[in-house]
Amino acid sequence: MAGLKTGKSGLGAVVALSALEARLAEDRLEVLGGFAVAEGEAGFPPGTRTLLLLGPKEPGFWPHLTAQPEWAQYQSEGTPDPVDRWSRRVIGRIPGDLGAKALFPFGGPPWHPVYQWAFRSRRVWDSPVRLLVHAGQGLMVSFRGALALKEAVEVPPPLPRPCETCAAPCLTACPAGALTGAGYDVPGCHTYLDGPEGRDCMTGGCLVRRACPLSQTYARLPEQSAYHMGQFHR
């Protein structure tokens with residue numbers, strides 16, 4: 001990971017976002033958004049000046065992850081949470097080169113307010129069905145971790161909310177009527193998934209998430225969605 005710090009300023013070492021992105025790409029991760037943190041702002045590690053949100057980079061994330069030792073342990077020994085364990089190992093080793101701190105959306109309590117951080121990036125929004133929607137990943141957005149950096153880093157620029165100009169197929173995509181603009185009927189969802197009619201959702205992923213036009217341009221494999229559906233519907 002040498003070369004991530006690329007110079008000096010009056011505030012210390014400067015981290016080049018392009019260099020960090022190149023390093024993350026080695027593990028099929030990318031920066032999904034970020035924002036500046038005010039000096040002394042509560043809720044962040046001391047000295048944090050930039051918060052970057054990290055998630056899967058496609059294509060290639062799932063084949064990469066399933067070739068890792070955490071997945072092999074899961075397959076052979078039933079060791080739980082292979083995706084979280086991989087995330088902690090891979091993202092957890094990055095801060096040593098940056099003087100940063102790795103933060104995760106799992107492992108609490110206490111829980112980090114990842115939803116609020118996502119909104120603050122201005123590249124993630126509340127969708128019509130109340131799920132998070134990302135500028136590039138749509139309703140398939142997944143955060144594997146975050147980096148709290150003590151340096152000011154240029155973050156991905158804000159974008160307009162895509163739902164403003166979308167016909168919102170997500171609102172009518174749920175075959176069980178469990179996930180709509182009125183909210184999420186979790187028991188109704190599980191009941192539907194228990195039956196043979198729920199097989200498409202279980203093997204290919206939630207039809208509401210798949211209905212989003214942005215999701216359809218994101219190269220997430222059905223196998224990954226099937227794994228997460230299996231974890232949800234246990």
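Bear in mind that the values here come from a model prediction, so they are computed numbers and not experimental data.
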Is Arg93 salt-bridged to Glu26, cutoff N-O under 4.0 Å? no
List the atom pairs, donor and acceptor, that lie under 3.5 Å between side-chain atoms in residues 218-226 and the rest of the protein, sequence neighbours left out.
residue : atom : partner : partner atom : Å
Tyr218  : OH   : Pro56   : O            : 3.2
Tyr218  : OH   : Gln137  : NE2          : 3.0
Arg220  : NE   : Ser225  : OG           : 3.2
Arg220  : NH1  : Met140  : O            : 3.1

Test salt bridge (Lys or Arg N to Asp or Glu O under 4.0 Å) on Glu39 and Lys150 and set out the steps.
-> CA-CA 10 Å; Glu39 183 177 356; Lys150 294 184 178 181; over 6 Å; no
Angle class for the Trp71/Tyr74 ring planes (parallel below 30°, perpendicular above 60°, tilted otherwise)?
tilted
Heavy atoms of Leu53 and Ala118 approach each other most closely as CD1-CA, 3.7 Å
A side-chain contact here means heavy atoms from C-beta on lying under 4.5 Å apart; do Lys101 and Pro45 qualify? yes
Check your understanding: Do other residues, nucleotides or ligands put more than 12 heavy atoms under 6.0 Å from Arg122 CZ?
Key -> no
- Between Asp84 and Arg88, does at least one N-O distance fall below 4.0 Å, as a salt bridge requires? no
Are Trp125 and Val114 connected in the hydrophobic side-chain network, where two residues link if heavy atoms are under 4.5 Å apart?
no
Output for pair (Leu54 CG, Arg144 CZ), nearest 0.5 Å, gives 10.5 Å
Next item on the list: Tell me whether Leu65 is reachable from Phe106 by hopping between hydrophobic residues (I, L, V, M, F, W, Y) whose side-chain heavy atoms are closer than 4.5 Å.
Entry: yes
Residues Arg89 and Glu70 bridged, charged N to O under 4.0 Å: yes
Notebook entry, point to check: So, do Leu147 and Thr50 sit near enough that their side-chain heavy atoms are less than 4.5 Å apart?
Noted result: no
ask   = Can Trp62 and Tyr227 be said to form a ring pair (Phe, Tyr, Trp, His ring centres under 6.0 Å), step by step?
value = CA-CA 10 Å; Trp62 199 241; Tyr227 167 78; 5.6 Å; yes
Sorted by chain and number, sequence neighbours left out, ring pair (Phe, Tyr, Trp, His ring centres under 6.0 Å) with Trp86 holds for Phe61
- Using the six-membered ring wherever Trp is involved, compare the ring planes of Phe35 and Phe44 and label them parallel, tilted or perpendicular (cut-offs 30° and 60°). perpendicular
Is it possible for you to say whether Met229 and Phe143 belong to one hydrophobic cluster, with membership spreading through side-chain heavy-atom contacts below 4.5 Å?
no
query = Under a 4.5 Å cut-off applied to non-hydrogen side-chain atoms, are Pro213 and Pro169 in contact?
reply = yes
Closest non-hydrogen contact found for Ser87 with Phe104 is O-CE2, 3.5 Å
